[in-house]
**Q** 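Have a look at this one.
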There are 2 protein chains.
Amino acid sequence: MRGRSMVDWYDLFRPEGSHGGTLDPKPDILGAMDRLERAVSDPDRGRTPVTQRATDRIKAMIASGEVGPGERLPTERDLSAQFGVSRSSMREAIRALTTLGVLESRHGAGVYVTALRPADLLETFSVLAEVSQGRTLLEVLQVRRMLEPAATALAAARASAEDLDRVGALLDRIEGGSDTFCTDTVAADLGFHQAIVASTGNATLAAVNDGLSSRTFNARVWAGHREAGLTAKLREDHERIHEALVARDPDAARAAATVHVLRVERWLSADLAGS
Amino acid sequence: MRGRSMVDWYDLFRPEGSHGGTLDPKPDILGAMDRLERAVSDPDRGRTPVTQRATDRIKAMIASGEVGPGERLPTERDLSAQFGVSRSSMREAIRALTTLGVLESRHGAGVYVTALRPADLLETFSVLAEVSQGRTLLEVLQVRRMLEPAATALAAARASAEDLDRVGALLDRIEGGSDTFCTDTVAADLGFHQAIVASTGNATLAAVNDGLSSRTFNARVWAGHREAGLTAKLREDHERIHEALVARDPDAARAAATVHVLRVERWLSADLAGS
DNA sequence: AGCCTCTATTGGTCGGACCACTTTTGCATG
DNA sequence: CATGCAAAAGTGGTCCGACCAATAGAGGCT
């Protein structure tokens, strides 16, 4: 828990920390005021980087509803003038919020607020699963062992007919016993699990689970099992999960998902120990 | 799943997509080569924004082990020269990676790679819980209902004596039946659950769970229960959880945690329906 | 040796210029 | 009048060069 995080949204809901409240005068003179305040000796003001102040201002604009999801922000040039910062700093602020999935800038068109859906905000999440190695990868799998069974059980209860069709179609794309390496299998495998979790109707759950899944890791799993001639086992797992879903049997679904994640976890454990 | 995400770490492990592989010649002439390539008509090259190319280069440096966790990168000026981009673009690239928790720049000292621990990478995660409202907040709680019971059960089995002491100390700081509003209670409540999850020894789990918790939301929960005179119920929940932990009883811990999360979830449901 | 100042290094900010893409305008055409 | 295309205005993307501010290290002082 480092201090002063870039994502300190708490501030949005607190009444302007320390320095006397400049409660939104006319937008026109905001820039001038900021410049003025910078001129006079204000140690507290100069403390926080200009760029961060800019991000905070934008976040405040969103939190206050001044700009809603999907709406367009003022021009970079306008914003920088309004906030009394240079366009470079303004751009860095926008870049930060873009990276967080809060903003989205379209070349020549303008800067827009995203839909602010869980999937938007959690896109950065996937970094973890991607860079993780060894021990951390095991930890990630352990978290998935907690989530996937519960999610699969929920899906068994909630999935619509179309959801099940989609899952079934992806299951067919996952190879059975063939020994030719196929990128499509990895994608289908990933899509299979994502489709299941998505059919719970909980977008947040889906986004979190997606973040914990990684293409490269899945590829490793398939490669490892292929080498050991165990790809059939993986297919059995998937079929068992699918059957439970079609039967709308939450308990069976939970069990099948647990078995699957555990298999992968055990394999990774052994694989890490071996190398 | 938007195209071309800023966090497309997959590329790190693929053999340089399209344009003929420039497999790391002398670092000295890299900049010159980039400038040259930009000069000639290369439509494919100009497609991807310069800034993104810069972030990719840095990520590649980390993935290849050229710079490890905690180590210092070359100066912004050196990097920009080396990559053949302006310092402004270089700074935006660094800003993006800083936001993701991959880099950390210290004024006057240099830019460093973080420890790349789960907590570093998931700091951005908290945005979700903070901006979420209504339906999404319920979804977040639903995910916590899957994680916390499992985590608490795991903690009952794994927590060290020091862990339990810490949890107990935080429990004492959570108020009982007093009706005076106390910020400390919210902080202690948050810390209580975080300490439990942390004592599972799974840093990834802890980081994910932390990301799903929000100070402002917890404050709302306490305020709501105080209004209804139900703060004693919350305290009972916490005591029950603590007892299960000291008794090292995973099943009891799981049940107690489930009861607690469910209580909060039901309250939120009612609260949302009322407003 | 220990402390302090002073300086070189390095990130932070600024302003302005130009390029690339998008949208809108408005004219010419059918 | 409707349509289509070309010019122009608007906007993000990139670059440059300068200066400010914080840090770290060199060197001198006590």
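Everything numeric here is computed off the predicted structure, so don't read it as measured data. Heavy atoms only: backbone and side chains are in, while hydrogens, waters and symmetry mates are out. Naming: A, B, ... by sequence-line order, numbering from 1 per chain.
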**Q** Return the set of residues passing side chain to side chain contact (heavy atoms under 4.5 Å, CB included) with A:E71 (not counting sequence neighbours), or none when no residue passes.
**A**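 Listed in chain order: A:V67.
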**Q** Among the candidates D:dG12, C:dT13, D:dT14, find the nucleotide nearest to the side-chain atoms of B:S86.
**A**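 Nearest to the side-chain atoms of B:S86, counting from C-beta on, is D:dT14.
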**Q** Is the terminal nitrogen or CZ of A:R53 (NZ for Lys, CZ for Arg) located under 6.0 angstrom from the six-membered ring centre of A:F83 and within 45° of that ring's axis?
**A**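 Not satisfied by the 6.0 Å and 45° rule.
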**Q** Using whole Å, what does the distance between atom C1' of nucleotide C:dG11 and atom CG of B:L103 come to?
**A**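 From B:L103 CG to C:dG11 C1': 13 Å.
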**Q** Side chain of A:V50 only, please: which of D:dC15, C:dC14, D:dG13 is the nearest?
**A**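 For the A:V50 side chain, the nearest candidate turns out to be C:dC14.
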**Q** Quick one: salt bridge (charged side-chain N to carboxylate O under 4.0 Å, His left out) partners of A:R220, sequence neighbours excluded?
**A**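 Scan of A:R220 (salt bridge (charged side-chain N to carboxylate O under 4.0 Å, His left out), adjacent residues dropped) gives A:D271.
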**Q** Using side chain to side chain contact (heavy atoms under 4.5 Å, CB included) as the criterion, list what pairs up with B:A169, not counting sequence neighbours.
**A**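 Scan of B:A169 (side chain to side chain contact (heavy atoms under 4.5 Å, CB included), adjacent residues dropped) gives none.
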**Q** Kindly state which residues belonging to residues 69-78 of chain A come within less than 4.0 angstrom of DNA chain D, counting heavy atoms of the residue only, listed by number.
**A**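 Hits under 4.0 Å, by residue number: A:R72, A:T75, A:E76, A:R77.
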**Q** What residues form a side chain to side chain contact (heavy atoms under 4.5 Å, CB included) with B:P74, not counting sequence neighbours?
**A**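 By the side chain to side chain contact (heavy atoms under 4.5 Å, CB included) rule, B:P74 matches B:M61, B:D78, B:L79.
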**Q** Give the rounded distance in Å between these two atoms: CD of A:E104 and P of D:dT11.
**A**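 So the CD-P distance, A:E104 to D:dT11, works out to 18 Å.
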**Q** Between the base of D:dG12 and the side chain of A:R95, is one N or O donor paired with an acceptor at under 3.5 angstrom?
**A**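 Under the 3.5 Å cut-off, the side chain and the base do not form any donor-acceptor pair.
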**Q** Ignoring backbone atoms, establish whether A:S88 has a side-chain N or O less than 4.0 Å from OP1 or OP2 of C:dG12.
**A**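 False: A:S88 side-chain N/O out of range (4.0 Å or more) of C:dG12 OP1/OP2.
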**Q** Select base, sugar-phosphate, or nothing to describe what A:R91 touches, counting heavy atoms under 4.0 Å on all strands.
**A**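 Base, at least one base heavy atom under 4.0 Å.
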**Q** Mind calculating the distance between CD (A:Q52) and C1' (D:dA21) to the nearest angstrom?
**A**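 Going from A:Q52 (CD) to D:dA21 (C1'), I get 17 Å.
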**Q** Rounded to whole angstrom units, what separation is found between the CZ atom of B:R106 and the C1' atom of C:dT10?
**A**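 B:R106 atom CZ is separated from C:dT10 atom C1' by 13 Å.
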**Q** For D:dT11, does either OP1 or OP2 sit under 4.0 Å from a side-chain N or O belonging to A:S105?
**A**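 The answer is no; no side-chain N or O of A:S105 sits under 4.0 Å from OP1 or OP2.
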**Q** Are the side chain of A:T200 and the backbone N or O of A:A151 linked by a donor-acceptor pair below 3.5 Å?
**A**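 No, the answer is negative, given that no donor and acceptor are paired below the 3.5 Å cut-off.
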**Q** In whole Å, what is the span from the CZ atom of A:R87 to the P atom of D:dC15?
**A**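 Going from A:R87 (CZ) to D:dC15 (P), I get 13 Å.
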**Q** Base, sugar-phosphate alone, or nothing: which one does B:S89 contact when heavy atoms must sit under 4.0 Å apart?
**A**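 Sugar-phosphate: the residue B:S89, judged by heavy atoms under 4.0 Å, touches backbone atoms but no base.
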**Q** Write out all pairs satisfying ring pair (Phe, Tyr, Trp, His ring centres under 6.0 Å) with one or both partners inside residues 185-214 of chain B, taking only residues at least two apart or from two chains.
**A**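 Ring pair (Phe, Tyr, Trp, His ring centres under 6.0 Å) check on residues 185-214 of chain B returns B:F192-B:H238, B:H193-B:H238, B:H193-B:H260.
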**Q** Rounded off to whole Å, could you give me the NE2-to-P distance for the A:H107 and D:dG12 pair?
**A**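 From A:H107 NE2 to D:dG12 P: 9 Å.
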**Q** Could you tell me how far apart B:L79 (CG) and D:dT14 (P) are, to the nearest whole angstrom?
**A**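 Checked: the CG to P distance equals 17 Å.
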**Q** What is the distance, rounded to the nearest whole Å, between atom CE of B:M90 and atom C1' of C:dT13?
**A**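 Value for this atom pair: 18 Å.
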